[in-house]
A.B. asks: 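Got a structure for you, written out below as structure tokens; questions coming shortly.
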Amino acid sequence: MCGIVGYIGNKKTQDVLLNGLKDLEYRGYDSAGIALLEQDNIEVCKAVGKVDNLRNELKKINNKNYKIGIGHTRWATHGKPTYENAHPHLGEYSYVVHNGIIENYKQIKEELLKDGHIFISQTDTEVIVHLFENYNNKLNNIKEAFKKTIKKLKGAYSILLITKEHKNKIFFFKSGSPLIVAKGKEKGEVLFSSTDSPLIGLSNDVVYLEDEVGGIASSKGIEFFNDNYKWSTLPTSKESAQKDGFDFFMEKEIYEQSDVSNDCMIGRLQDDEILFDEIDSNILEDINEIKLCACGTSYHAALASSYLFERLSKIRTSVEIASEFRYKKPLLSKQTLFIVVSQSGETADSLEALKMAKKEGLKTLVICNANNSSMTRLANISILARAGIEKGVASTKAFSTQTIVLWMISLYFAKIKNNISKEKLAEEIQTLRQVPKALIVNNTIHEKIKRLSKRYLHGHGFFFIGRDIFFPLALEGALKLKEISYLHAEGYPAGEMKHGPIALVDSELFTIALMPQNLLYDKIKSNVEELSARDSTICTISPLNFDLSDDFIKTQKAKHYMLEFFEMLVVLQLLSLEIAIRLKNDVDMPRNLAKSVTVE
Ligand code: AGP
């Protein structure tokens, strides 16, 4: 996720901004830059890669003592990680940094191009500074120009803007992406940051800006455009700040899923259609099959999406585990679209599978959370999951955003092939829009899971069972538990239990049963009854009461099984988290595991 910093004061502005950007590194990025303002001189310095590259570049510009500046670390969502795409972005006399996504940037850019504005980047951000100057050139009123700019923008964003027209001011606005404004400890000092970590030690009084709040800051004070703000105090620990107050990155990332699921849909859901700038509408010409390939959690997202590709796009779909695929001498056809799913974009087995498909001349598409990774550089088409950096080794928000993106692609393909009615497409899009709500952690359920987790710290193992698309979800739940609790768990198709696994059943064998109301409920119910009859200890996750449960986690009734899918995902993630916490395991860095498996 991008990071923003800003500073007004008498310290060496370059150093304050650089230190702030260093503190934001944990959010993940692929380029960085700062803009500095002093009288008539507006300086910018940018670098691809790490903040230290930026520090080296800064040594090349004059080391004046600037009094005002803005800085940014960029996690690319539009356009590759290049110098031109790095922030800050310049108009004629102003610089802007931005976190988030401007949904209507294409339309704005077209209008500005007609007005003679020249763009050098592929980013959505650059339209902000040109729009601002376009208004100011006409209005000759900086504040009104800024307000009109904000009014025109659609999407989720936070913005800092400096301009030679008002040398000692920083214009700021927050709408959907976090932004904090802080009073420095020295008189007249003002600081900005995306999170509180960079501010710790430099300020005590901060405003965590609410949506649709902005204003103008200078050494004389901070003017807010409305009174929907309140001053509060900062946490004292940087580490706790980077975890937003959670004990573990994994827990923070489970709670982030609702927000990042919004990000991954912005600009891709438009009224009643799905948009993917990255995918040409002729992508399916002479394609009659889809083959997905991945490892681990990404494999589970791929497997889940295979149900959607067949059900919605009506394209024959198969799924491969990458480490198996690469040695099985697969029969490949150029009429197959090869889709690799990967959070890191560096997993050795998945990367090798991608190379094999490319070598055979297949069209390749990668769903990835890391722009500029080996896979995004290699695939014909790259679609970013936009989950933001995922620090927890046990993947959570990457899985939910991958599944959402794949679901949107299945609908995009269904539309291309005319395999979906207008009404069905509208219903699916309407359901997609409700996913962020389904991913909100229900605190009552979280508290219940904390309590009931004490009962699952022993036994001779777990079966996670589900049917249809809930089978890949069961696999994911089992993997989460294995990874961080070190307890044995298997995901199984519920209908398979009687073909052998049921021999393991007794009261010490725990069954976690996914029982959605909207998909094969009666079938899963009878499977669970078989297990209960053999005295398995059963925890059911369902919107419907089930009296044979030993433990029961009641989820919300929903109109569509995919909303149940995402709500149950959160329950499974929290269950593994709370069991691992009770076992005092290292939740974020479990034994024997790496975040990215770049070796075979
Ligand atoms: C997920 O919790 C695991 N850490 C692991 O299975 C991971 O999903 C797998 O290694 C694939 O990684 P990738 O998504 O970066 O390719």
Side-chain angles (χ1 to χ4, degrees), residues 28 248-254 256-257 260 264 292-305 319-326 338-355 357 364-379 382-406 464 472-487 489-491 569-570 572-577 579-580 585-600:
F248 303 100
F249 279 109
M250 181 181 175
E251 186 179 16
K252 170 182 172 244
E253 288 152 9
I254 291 169
E256 275 179 343
Q257 288 184 119
V260 298
C264 101
L292 295 125
C293 190
C295 300
T297 286
S298 296
Y299 169 74
H300 300 151
L303 187 60
S305 74
V319 193
E320 304 273 359
I321 289 178
S323 55
E324 285 297 302
F325 175 79
R326 59 186 291 197
F338 197 79
I339 300 179
V340 175
V341 184
S342 175
Q343 190 283 132
S344 63
E346 302 298 346
T347 300
D349 288 324
S350 308
L351 181 57
E352 193 52 39
L354 178 59
K355 288 175 183 170
T364 55
L365 183 153
V366 68
I367 314 289
C368 189
N369 195 35
N371 207 339
N372 206 27
S373 60
S374 303
M375 289 184 214
T376 55
R377 288 197 299 272
L378 188 64
S382 303
I383 310 285
L384 293 179
R386 299 180 190 162
I389 191 164
E390 187 175 69
K391 305 278 284 183
V393 167
S395 188
T396 50
K397 59 180 184 171
F399 175 82
S400 44
T401 50
Q402 286 167 345
T403 306
I404 292 166
V405 169
L406 285 159
F464 287 69
L473 185 58
L475 289 172
E476 177 57 14
L479 178 60
K480 287 286 96 47
L481 186 68
K482 279 183 279 212
E483 281 191 284
I484 61 175
S485 73
Y486 316 146
L487 296 173
E490 282 187 77
L569 168 67
V570 174
L572 294 172
Q573 293 167 341
L574 294 173
L575 181 62
S576 56
L577 173 78
I579 291 173
N585 290 351
D586 183 342
V587 169
D588 285 331
M589 288 187 279
R591 69 184 185 194
N592 310 335
L593 298 182
K595 183 59 189 168
S596 178
V597 184
T598 54
V599 293
E600 275 201 61

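Just so you know, ligand 1 is whichever comes first in the structure, and atom 1 is the first atom listed for that ligand. All heavy atoms count here, side chains included; hydrogens, waters and symmetry mates do not. Here the structure is a predicted model, which is why all the values come from computation and not from measurement.
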A.B. asks: Got the closest protein heavy atom to atom 10 (O) of ligand 1, with its distance?
C.D. replies: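 Here the nearest protein heavy atom works out to Val597 CG2, 3.8 Å.
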
A.B. asks: Quick one: which residue pairs count as a salt bridge (Lys or Arg N to Asp or Glu O under 4.0 Å) with a foot in residues 473-486, not counting sequence neighbours?
C.D. replies: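 Counting only pairs at least two positions apart or across chains, the salt bridge (Lys or Arg N to Asp or Glu O under 4.0 Å) contacts touching residues 473-486 are Glu476-Lys480, Lys480-Glu483.
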
A.B. asks: Is Val393 close to ligand 1, meaning an N/O of one under 3.5 Å from an N/O of the other?
C.D. replies: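 Val393 vs ligand 1: N/O contact under 3.5 Å present.
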
A.B. asks: At a 4.0 Å threshold, what atoms of ligand 1 neighbour a non-hydrogen atom of Ser395?
C.D. replies: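 Counting from 1, the qualifying ligand atoms are 1 (C), 2 (O).
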
A.B. asks: Return the closest protein heavy atom for atom 14 (O) of ligand 1 as residue, atom name and distance.
C.D. replies: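 Result for atom 14 (O) of ligand 1: Ser298 OG, 2.5 Å.
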
A.B. asks: Starting from atom 11 (C) of ligand 1, find the nearest protein heavy-atom neighbour and note its residue, name and distance.
C.D. replies: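 The protein heavy atom lying closest is Cys295 O, 3.5 Å.
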
A.B. asks: Mark yes or no for whether Asp588, through its side chain, and Phe248, through its backbone, hold a donor-acceptor pair below 3.5 Å.
C.D. replies: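 A pair under 3.5 Å: no.
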
A.B. asks: Does Asn369 reach the main-chain N or O of Gly388 with its side chain, forming a donor-acceptor pair under 3.5 Å?
C.D. replies: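 Yes; judged by distance alone, with no hydrogens or angles, the pair exists.
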
A.B. asks: Does Glu346 reach ligand 1, in the sense of a heavy atom lying below 4.0 Å from it?
C.D. replies: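 So Glu346 does not count as touching ligand 1.
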
A.B. asks: For Lys397, does its backbone N or O pair with a side-chain atom of Glu390 as donor and acceptor, under 3.5 Å?
C.D. replies: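 Checked: pair present.
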
A.B. asks: Within a strict 4.5 Å, meaning less than it, do heavy atoms of the Gln402 and Ser395 side chains meet?
C.D. replies: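 No, too far: nothing below the 4.5 Å cut-off.
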
A.B. asks: For Tyr486 and Asn585, indicate whether the former's side chain and the latter's backbone hold a donor-acceptor pair under 3.5 Å.
C.D. replies: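 No, the answer is negative, given that no donor and acceptor are paired below the 3.5 Å cut-off.
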
A.B. asks: Is it the case that ligand 1 has an N or O less than 3.5 angstrom from some N or O of Thr297?
C.D. replies: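 Between Thr297 and ligand 1 (N or O atoms, distance only) the closest approach is under 3.5 Å.
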
A.B. asks: Taking only heavy atoms of Gln343 into account, list the atoms of ligand 1 that are under 4.0 Å away from them.
C.D. replies: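 Reading through ligand 1 atom by atom, the close ones are 13 (P), 14 (O), 15 (O), 16 (O).
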
A.B. asks: Considering non-hydrogen atoms only, spot the tightest contact between Ile389 and Glu253 and give its length.
C.D. replies: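 Minimum heavy-atom contact is O-OE2, 4.0 Å.
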
A.B. asks: Which residue pairs satisfy the salt bridge (Lys or Arg N to Asp or Glu O under 4.0 Å) criterion with at least one member in residues 341-354, sequence neighbours excluded?
C.D. replies: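 Residue pairs with at least one partner in residues 341-354: Arg326-Asp349.
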
A.B. asks: Under 4.0 Å from a heavy atom of Ala394: which atoms of ligand 1 are those, numbered in the order shown and with their elements?
C.D. replies: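 Selected atoms, number and element: 2 (O).
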
A.B. asks: Could you find the nearest protein heavy atom to atom 6 (O) of ligand 1 and give me its residue, atom name and distance?
C.D. replies: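 Nearest protein contact, heavy atoms only, for atom 6 (O) of ligand 1 is Gly296 CA, 3.2 Å.
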
A.B. asks: Tell me, which protein residue and heavy-atom name are nearest atom 3 (C) of ligand 1, and how many Å apart are they?
C.D. replies: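 The closest one turns out to be Glu483 OE2, 3.1 Å.
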
A.B. asks: Would you mind reporting whether Glu256 and Thr396 have side-chain heavy atoms less than 4.5 Å apart?
C.D. replies: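 Contact flag for Thr396/Glu256 side chains = no.
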
A.B. asks: So, is Ser350 polar-close to ligand 1, with some N/O to N/O distance under 3.5 Å?
C.D. replies: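 No - when backbone and side-chain N and O of Ser350 are compared with those of ligand 1, no distance drops under 3.5 Å.
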
A.B. asks: When you measure from atom 12 (O) of ligand 1 to every protein heavy atom, which one gives the shortest distance, and what is it?
C.D. replies: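 The closest one turns out to be Thr347 OG1, 3.4 Å.
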
